[in-house]
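Single-structure report; data block below.
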Amino acid sequence: MSARFQTPRGTEDVLPEEQPYWRAIHEAAAEVTRLFGYERIDTPTFEDAALFEKGTGDTTDIVEKEMYAFADRGGEALTLVPEATPAICRAYLEHGLASRPQPVRLFTIARMFRYNRPQLGRLRQFHQFDCEVVGTDAALVDAELIELHWRFYERLGLRDLEIRLGSIDDPEARRAYLDRLREYYLPLREKLSEDSRRRLDRNPLRLLDSNDPGDQALREGAPTMIDDLSPAAAEHFEGVKDTLTAAGVPFVVDPLLVRGLDYYNRTVWEIVPKGDGRQQSSVGAGGRYDGLIETIGGKPTPASGFATGLERVIIEMKRQEVSLVEPQVPDAFVVHAGAEGVRAAVGVAANLRTAGIATMLGEAGRSFRAQMRRANGSGARYAVIVGEDEAVRGVAALKDLREEGDQEDVPLGEIATRLGERFR
RNA sequence: GUGGGCGUAGCGUAGUGGUUAACGCGUCAGGUUGUGGCCCUGAAGAUCGAGGGUUCAAAUCCCUCCGUCCACCCCA
């Protein structure tokens with residue numbers, strides 16, 4: 001059994017019965033981006049590894065231990081893309097998108113790759129719907145992205161989600177805050193959990209969202225960033241909140257919201273299902289990243305964006321049992337018998353399809369009964385029966401497969417128009 | 001990357017040391033001359049995730065690996 005090949009760890013096949021979810025997602029993304037005026041961009045599946053080492057940050061887990069980095073046959077240091085943002089920024093610089101009317105509003109739907117331990121909602125190859133606005137520092141645009149993000153889920157029929165909104169200020173102010181945070185925690189070091197002692201050295205912000213009860217108690221007295229933002233960041237944050245309120249988008253301010261990526265500044269947000277205990281349940285997250293483009297070699301250019309994990313969205317769609325469009329079924333199923341019947345059946349099927357009627361044909365070599373069973377199982381509304389008799393008489397029996405199953409003979413040349421009328 | 005649970009036909013399960021591994025769903029074929037659904041009959045389909053070990057005997061016990069799920073880490 002295991003001699004058989006299987007999907008690599010953390011990857012999955014998307015079988016036909018899963019496709020309705022993906023179709024719904026693609027349609028929702030297309031619609032919501034159209035409504036907000038975002039244009040699609042697609043970037044390569046692999047990029048220069050240094051793009052992420054610089055852009056994402058070489059101290060982030062993504063770069064340190066999750067990149068599918070490799071040297072190609074020519075020795076180039078490449079990596080499968082772990083996140084879209086640096087790639088889109090690279091494209092922005094490479095193609096001079098700064099010379100277009102600013103800001104540029106872009107989106108993509110793409111595969112991402114991160115080498116980590118798979119879990120439900122955490123795969124090594126996964127998909128993201130990603131929106132980025134490059135070339136403005138307007139608070140309005142942060143709010144626009146959050147609204148677009150929110151409307152995407154709404155359009156998919158998801159409910160009971162919550163927007164958690166925060167601000168992590170600008171780099172200088174954040175450094176000052178981090179110093180204060182360290183000052184607060186240093187005397188408490190011995191009381192912290194082992195993990196959090198490590199966080200204290202590596203990433204003090206993480207102390208704030210520790211799950212350890214002891215750490216959570218200590219957090220009570222910790223300084224918060226959101227209450228003490230620099231004037232510019234505070235004003236920006238107010239702008240985001242005001243705009244969201246004006247747009248009628250609900251949110252909760254989360255003073256402890258910590259985003260993992262180094263490049264974020266000011267606005268950060270995350271959208272999570274309410275009351276889901278699982279850890280991997282955040283369906284999407286975003287933030288402002290004014291420093292990123294400069295980091296990867298461009299002129300200082302403000303930007304903001306978000307990504308949503310589509311496999312996680314599907315998990316949530318299933319959990320909430322969102323209704324999907326009917327699975328695709330043929331309109332007609334052509335059943336045949338005998339050599340003449342086959343010939344006529346193929347002709348009829350061709351005519352039907354030309355007329356826009358979705359038509360399946362019974363496989364030759366199957367019994368009549370088997371074909372009828374298949375016709376029924378296909379979900380087709382009508383069976384078109386062409387046997388020896390009918391072929392000779394130049395007709396086909398048109399049979400309604402619902403309920404009783406009335407049937408009538410119709411001349412071969414008139415089947416398409418007759419069926420067309422019935423579907424009208 | 002760390003710790004733990006699980007792994008029997010396509011799917012869902014039964015079987016916990018002893019004859020040819022069972023059931024439901026699904027698939028395929030039939031159920032008299034060319035008519036589906038319901039029903040009936042039959043068939044195919046599993047080296048019991050893989051490899052090794054213990055034993056007269058292993059789906060069942062042990063080890064390793066693989067996969068999956070959960071927690072951690074982190075994140076979409």
Side-chain angles (χ1 to χ4, degrees), chain A residues 1-12 15 17 56 59-66 82-85 109-130 149 193-196 198-199 202-203 206 209-212 258-261 270-273 277-286 305-316 333 335-338 341 362-363 365-391 396-407:
Chain A
M1 212 41 144
S2 89
R4 294 206 302 211
F5 289 111
Q6 48 186 302
T7 56
R9 182 173 214 192
T11 67
E12 57 186 18
L15 297 175
E17 49 271 34
T56 307
T59 62
T60 57
D61 277 26
I62 288 181
V63 171
E64 263 187 357
K65 48 187 214 189
E66 295 178 2
E83 60 149 347
T85 305
I109 294 174
R111 289 186 165 160
M112 302 294 151
F113 306 84
R114 292 184 200 170
Y115 186 89
N116 53 25
R117 188 111 167 216
Q119 241 172 283
L120 185 67
R122 189 173 69 188
L123 296 164
R124 288 183 171 181
Q125 174 184 285
F126 59 102
H127 297 77
Q128 290 187 331
F129 166 43
D130 189 282
H149 192 174
S193 66
E194 194 185 326
D195 280 337
S196 281
R198 208 163 34 79
R199 293 186 178 109
R202 290 202 50 195
N203 191 355
R206 287 270 161 216
D209 67 350
S210 170
N211 293 324
D212 181 89
V258 175
R259 296 267 80 238
L261 303 175
E270 177 172 87
I271 300 185
V272 297
R278 289 177 308 106
Q279 293 301 303
Q280 266 68 239
S281 61
S282 166
V283 290
F306 73 86
T308 175
L310 301 180
E311 284 80 1
R312 288 188 186 181
V313 168
I314 290 175
I315 288 167
E316 200 52 28
F333 193 105
V335 173
H336 52 80
E363 287 82 18
R366 294 190 105 122
S367 72
F368 197 83
R369 183 202 288 275
Q371 287 186 60
M372 283 303 293
R373 282 182 171 151
R374 173 73 90 234
N376 185 63
S378 74
R381 168 114 173 247
Y382 293 99
V384 177
I385 301 167
V386 197
E388 306 267 20
D389 291 4
E390 289 87 350
L398 184 53
K399 183 183 178 77
D400 191 331
L401 286 175
R402 296 169 311 170
E403 311 288 324
E404 311 304 316
D406 306 330
Q407 71 181 68

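Quantities reported herein were computed from a predicted structural model and do not represent experimental measurements. Every chain is numbered from 1, with letters handed out A, B, ... down the list of sequences.
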Counting only side-chain heavy atoms from C-beta out, which of [options] sits nearest to [X]?
{"X": "Arg122(A)", "options": "G67(B), A76(B), G34(B)", "value": "A76(B)"}
{"X": "Gln407(A)", "options": "U35(B), C69(B), A76(B)", "value": "U35(B)"}
{"X": "Met372(A)", "options": "U35(B), G37(B), C66(B)", "value": "U35(B)"}

### Query
Aromatic rings His149(A) and Phe306(A): how do their planes relate, parallel, tilted or perpendicular, breaks at 30° and 60°?
parallel

### Nucleotide paired to U32(B) in any strand shown, Watson-Crick or G-U, under 3.5 Å
none

#### Entry: Base paired to A57(B) (Watson-Crick or G-U; both N/O distances under 3.5 angstrom)
none

[N] [atom2] sits how many Å from [X] [atom1], rounded?
{"X": "Asp61(A)", "N": "C73(B)", "atom1": "CG", "atom2": "P", "result": "11 Å"}
{"X": "Glu270(A)", "N": "A76(B)", "atom1": "CD", "atom2": "P", "result": "8 Å"}
{"X": "Leu123(A)", "N": "C70(B)", "atom1": "CG", "atom2": "C1'", "result": "15 Å"}
{"X": "Asn116(A)", "N": "A76(B)", "atom1": "CG", "atom2": "P", "result": "11 Å"}

Give me, pair by pair, the N or O atoms of the protein and of nucleotides 3-7 of chain B that are less than 3.5 Å apart, along with how far apart they are.
residue: G3(B); atom: O6; partner: Arg117(A); partner atom: NH2; Å: 3.2

### Query
At their closest point, which heavy atom of Ala84(A) faces which heavy atom of Asp130(A), and how far apart are they?
CB-OD2, 3.5 Å

### Message
Consider side chain to side chain contact (heavy atoms under 4.5 Å, CB included). Of Arg124(A), Glu83(A), Gln125(A), Lys65(A), which one does Arg114(A) pass it with?
### Response
Glu83(A)

### Task
Classify every nucleotide of nucleotides 26-32 of chain B by which part a protein heavy atom approaches to under 4.0 Å, writing B for the base, S for the sugar-phosphate alone and - for neither, in 5'-to-3' order.
--SSBBS

### Task
Could you tell me whether the side chain of Arg312(A) and the main chain of Gly284(A) form a donor-acceptor pair under 3.5 Å?
no

### Message
Categorize Glu390(A) for me: base, sugar-phosphate, or nothing, with a 4.0 angstrom heavy-atom threshold over every strand shown.
### Response
base

